[in-house]
Amino acid sequence: MPKKARSYLGRLAGATDQLLRGEAIEQFAAICYRKVGDNLVEVLLITSRDSGRWVIPKGWPIAKLAPHQVAEREAWEEGGVKGKARKRPFGFYTYIKTLANGERVPSVVQVHLLQAEKIDEKFPEEKQRNSRWLPPFEAAAFVREPELRSLLGKVERTVAKLPKA
């Protein structure tokens, strides 16, 4: 196993007690995808503002918004993508979030698939992030979180089974 994967999994394993005590924070995210040609799919990766690592748009719960609506808002604010997120979660992943005060807590992220209907060049965090559209399996190689890699690996098969709009 590569050293980075061991250290990531080791950090996550160190948070097991917090997870079991229900001390994890909750976030909501979007895997934004677009169809390219007849059969190809690409997904959006963005850089995080703090570390610059490749991630998907995600954010905190917002009062009066359902999780899939939070995912839609984060896709717009962080990646300039507008579209409808599926209400049913596509999956979940866990990572260690460093809060503004330096505290590190486990975060459980509920992920929703969102088909990109419009991609704007101007959006709230455009100057704070980089973005890339990639085939899902290629995108999986860029992210650190093993569970997110697995979700990205399932995107193409899942999108192929979705009813035509």
Side-chain angles (χ1 to χ4, degrees), residues 1-34 36 40-61 67-68 70-81 83 85-86 89-116 119 123-159:
M1 182 180 287
K3 186 177 180 181
K4 275 189 176 181
R6 272 197 312 273
S7 63
Y8 176 81
L9 292 174
R11 285 192 305 275
L12 196 54
T16 303
D17 288 343
Q18 285 174 291
L19 284 164
L20 294 174
R21 288 192 307 265
E23 296 173 3
I25 57 176
E26 183 178 42
Q27 292 183 292
F28 302 114
I31 291 180
C32 303
Y33 71 92
R34 65 183 181 186
V36 181
L40 298 176
V41 173
E42 291 181 328
V43 295
L44 176 70
L45 290 184
I46 60 171
T47 54
S48 68
R49 288 188 295 190
D50 54 349
S51 68
R53 74 186 192 288
W54 291 102
V55 297
I56 59 175
K58 69 179 168 303
W60 303 105
H68 72 283
V70 174
E72 290 171 357
R73 180 176 288 183
E74 296 302 326
W76 159 246
E77 289 178 358
E78 297 181 359
V81 175
R86 298 181 67 79
F90 182 59
F92 298 83
Y93 74 95
T94 310
Y95 80 106
I96 303 299
K97 171 80 175 164
T98 303
L99 302 176
N101 65 5
E103 182 184 358
R104 296 166 56 86
V105 296
S107 177
V108 177
V109 183
Q110 181 175 310
V111 180
H112 294 264
L113 277 180
L114 182 148
Q115 183 169 6
I119 303 163
F123 54 93
E125 297 182 15
E126 67 177 284
K127 291 182 171 46
Q128 301 167 32
R129 301 176 185 275
N130 293 315
S131 62
R132 263 185 158 162
W133 287 93
L134 299 163
F137 284 106
E138 196 175 321
F142 280 84
V143 300
R144 185 187 321 170
E145 300 81 7
E147 295 161 308
L148 179 53
R149 276 191 208 126
S150 177
L151 289 174
L152 289 167
K154 296 174 186 175
V155 168
E156 213 156 4
R157 281 192 315 268
T158 303
V159 168

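Note that the numbering runs from 1 along the sequence shown for the chain. Every heavy atom of this structure was used, including side-chain atoms; hydrogens, water molecules and symmetry mates were not. As the structure is a prediction and not an experimental result, all values here were calculated from the model.
Here the CD atom belonging to Glu145 is positioned 10.0 Å from the CD1 atom belonging to Ile96, to the nearest 0.5 angstrom. Here Arg132 contributes atom CZ and Leu44 contributes atom CG; the two are 11.5 Å apart, rounded to the nearest 0.5 Å. Note: Ile56 CD1 to Leu114 CG = 10.5 Å, rounded to the nearest 0.5 Å. The CD atom of Gln27 sits 8.5 Å away from the CD atom of Glu74 when rounded to the nearest 0.5 Å. Ile31 CD1 to Tyr93 OH: the interatomic distance, rounded to the nearest 0.5 Å, is 8.5 Å. Separating the NE2 atom in His112 from the CZ atom in Phe28 is a distance of 6.5 Å, to the nearest 0.5 Å.
Between Arg86 and His68, every side-chain heavy-atom pair lies at or beyond the 4.5 Å cut-off. In this structure, Trp133 and Cys32 have side chains that are in contact, with non-hydrogen atoms separated by less than 4.5 Å. Using a 4.5 Å heavy-atom threshold, the side chains of Val81 and Glu78 count as separate. Under the 4.5 Å side-chain criterion, counting only non-hydrogen atoms from C-beta, Thr47 is in contact with Arg129. Side-chain contact check for Glu42 versus Tyr33: every heavy-atom pair is 4.5 Å or farther apart. Contact check for Glu125 versus Ile46: no side-chain heavy atoms found under the 4.5 Å cut-off.
Summarising the geometry of Gln110 relative to Pro89, their closest heavy-atom pair is NE2-CG, 3.5 Å, with the distance given to 0.1 Å. A pairwise comparison of heavy atoms in Thr94 and Glu147 identifies N-OE1, 2.7 Å as the closest pair. When every heavy atom of Gly153 is checked against every heavy atom of Phe137, the shortest pair comes out as O-CZ, 3.3 Å. For the residue pair Thr158 and Lys154, the shortest heavy atom distance occurs at OG1-O, 2.8 Å. Summarising the geometry of Leu45 relative to Ala139, their closest heavy-atom pair is CD1-O, 3.6 Å, with the distance given to 0.1 Å. For the residue pair Ala85 and Glu72, the shortest heavy atom distance occurs at N-OE2, 2.9 Å.
Note that Lys58 lies in the cation-pi zone of Tyr95, set by a 6.0 Å cut-off to the ring centre and a 45° limit from the axis.
Within 6.0 Å of the CZ atom in Arg73, the count of heavy atoms belonging to other residues, nucleotides or ligands does not exceed 12.
Between the side chain of Thr98 and the backbone N or O of Gly102 there is no donor-acceptor pair closer than 3.5 Å.
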- Apply the test side-chain contact (heavy atoms from CB on, under 4.5 Å) to residues Asn130 and Trp54: give CA-CA distance (whole Å), side-chain angles for both, the deciding distance (0.1 Å), then the verdict. CA-CA 9 Å; Asn130 293 315; Trp54 291 102; 4.2 Å; yes
